[in-house]
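Contents: one structure, followed by commentary.
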Amino acid sequence: MRLLSSSLIGSAAEIAVGAFSEGQLRLVFMKANLDGAVPERSYGKAELVAKTVEEAKRAATGSGAEEERRALCDFVLLVAEKVAPSEPGGMRPGTPFWRLRESARGDGLDLRADFETTADSWGETTTRRTGIRLLPLDEPAAPLSDEITALEADFDRLGWAVAKDCYRRAVRALVEGRFEDANSGIRAMFESVLVETATIKGFVSTKQGDGGQAINFLKDQQKVLADRDGGWFIHGLWLITHTNGPHPGTSTAGEAHFRFQALTAATRYLIDRFAPA
């Protein structure tokens, strides 16, 4: 795996100083396999964390340092687990977990707290946190590996199975060089997301291919997507998907990559705005 940025590691280190006692910090370093980087002498928690992280980052720089880079990632996850919300929707702007998530997003990653809800024989439900993950933010090659992207995780969370299926087919086509198929798949994904997003606000889809109607609903009827507040952006991308699409010889590699990245970013925008975690 790649080395996490100094910004993300530094954010985790800063939060760790306030979240753990000195004894707990040493246990965290041990769990993350960073105990070899712990200094023999330090004066206070801040210096202990700073020296350990600096040494660990030096060891993780360069080729062949996979285990060292993994250890730093595990450190970030352990800090995140300490400050994560105890229930879905419990994250608030300015909290340690929120600050750490924003640092992760700046590094091209998304920090996720996973939850599971179960019901007993009496119908009483219990929600518990099941883990913390760092997911790549919408990297085109990631869905073909054993990893899952943050976008796919959102599709799973929201139950948007059609959007997820179209997204994965578009990724596969893009990686395999089938650019017309990639354009077709990413357009279908975007249309599904538009309809699902509008449905959250009360839109009722009557037929397949209601992407344009969903945009009009958000822009005109509900006015929750004003022209100068995302409306023109989303509508413009929607119009682009209708040109040089799934027809042989009409789409270049550059155009296909642009569409994939632009529509993926627009989908992230809609989810973060209308269906945030």
Side-chain angles (χ1 to χ4, degrees), residues 1-86 90-115 128-153 268 277:
M1 66 178 299
R2 63 184 174 88
L3 179 61
L4 300 180
S5 69
S6 295
S7 176
L8 176 53
I9 296 171
S11 293
E14 181 182 29
I15 291 170
V17 172
F20 298 100
S21 67
E22 183 170 340
Q24 290 172 330
L25 282 170
R26 294 181 181 276
L27 290 176
V28 168
F29 293 143
M30 190 179 298
K31 288 180 180 179
N33 200 27
L34 291 176
D35 46 320
V38 175
E40 294 183 3
R41 178 181 299 178
S42 62
Y43 300 94
K45 291 192 295 180
E47 186 178 18
L48 170 65
V49 174
K51 286 187 173 182
T52 301
V53 169
E54 287 171 358
E55 178 59 31
K57 195 168 185 298
R58 275 194 294 270
T61 303
S63 60
E66 181 72 17
E67 291 186 7
E68 289 80 0
R69 291 192 286 269
R70 170 57 62 184
L72 281 170
C73 181
D74 289 343
F75 168 68
V76 171
L77 290 172
L78 286 168
V79 174
E81 185 175 15
K82 176 68 174 180
V83 298
S86 59
M91 181 175 59
R92 299 289 183 268
T95 59
F97 189 83
W98 181 87
R99 299 201 317 269
L100 194 56
R101 190 193 70 165
E102 291 302 296
S103 293
R105 286 190 164 190
D107 207 16
L109 300 166
D110 202 37
L111 185 64
R112 293 295 178 94
D114 295 326
F115 295 90
R128 65 183 183 90
R129 195 174 69 231
T130 57
I132 306 291
R133 290 186 292 171
L134 269 175
L135 304 177
L137 269 173
D138 317 323
E139 295 178 358
L144 302 182
S145 69
D146 292 332
E147 296 296 322
I148 183 172
T149 66
L151 188 58
E152 287 182 282
R268 166 63 51 214

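Start at 1 with the first residue, then count along the sequence.
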Are Val49 and Leu25 side-chain neighbours, meaning at least one heavy-atom pair lies under 4.5 Å?
yes
Quick one: pull up CG in Leu77 and CZ in Arg70 and give me the separation to the nearest 0.5 Å.
8.0 Å
Where do Gly94 and Arg99 come nearest, in terms of heavy atoms and distance?
O-NH1, 3.5 Å
What are the two closest non-hydrogen atoms of Pro39 and Thr52, and how far apart are they?
CD-OG1, 3.3 Å
Nearest heavy-atom contact between Arg112 and Ala150 is NH2-O, 3.3 Å
Without swapping roles, check the side chain of Thr130 against the backbone of Asp114 for a donor-acceptor pair under 3.5 Å.
yes
OG (Ser11) and CZ (Arg101) are apart, to the nearest 0.5 Å, by 13.5 Å
So do the side chains of Leu135 and Leu111 get within less than 4.5 Å of each other, counting heavy atoms only?
no
Side-chain contact, heavy-atom cut-off 4.5 Å: Asp110 with Arg105?
yes
Nearest heavy-atom pair of Ala59 and Ala65: which atoms, and what distance?
O-CB, 3.5 Å
Does Glu54 come within less than 4.0 Å of Lys57, counting only side-chain N to carboxylate O?
no
Any heavy-atom pair between the side chains of Leu48 and Arg26 that's under 4.5 Å?
yes
Is the backbone N or O of Ile15 less than 3.5 Å from a side-chain atom of Lys82, with the two atoms forming a donor-acceptor pair by type?
no
Going by the rule side-chain hydrogen bond (donor to acceptor under 3.5 Å, both in side chains), which residues pair with Glu47 if we only count those two or more places apart in sequence or in a different chain?
Lys51
Between Arg129 and Glu81 (side chain of the first, backbone of the second, donor and acceptor by atom type, cut-off under 3.5 Å), is there such a pair?
yes
Atom CG of Leu109 and atom OG1 of Thr149: how far apart are they, to the nearest 0.5 Å?
12.0 Å
Is the shortest side-chain heavy-atom distance between Asp107 and Leu134 below 4.5 Å?
no
Ala16 to Phe75 - nearest heavy-atom pair and separation:
CB-CZ, 4.1 Å
Enter the distance from Leu72:CG to Asn33:CG here, rounded to the nearest 0.5 Å.
10.5 Å
How close do Gln24 and Ala19 get, heavy atom to heavy atom, and via which atoms?
OE1-O, 4.2 Å
Answer whether the closest heavy-atom distance between the side chains of Asp74 and Lys31 falls below 4.5 Å.
no
Check whether more than 12 heavy atoms from other residues, nucleotides or ligands sit under 6.0 Å from atom CD of Glu66, and answer yes or no.
yes
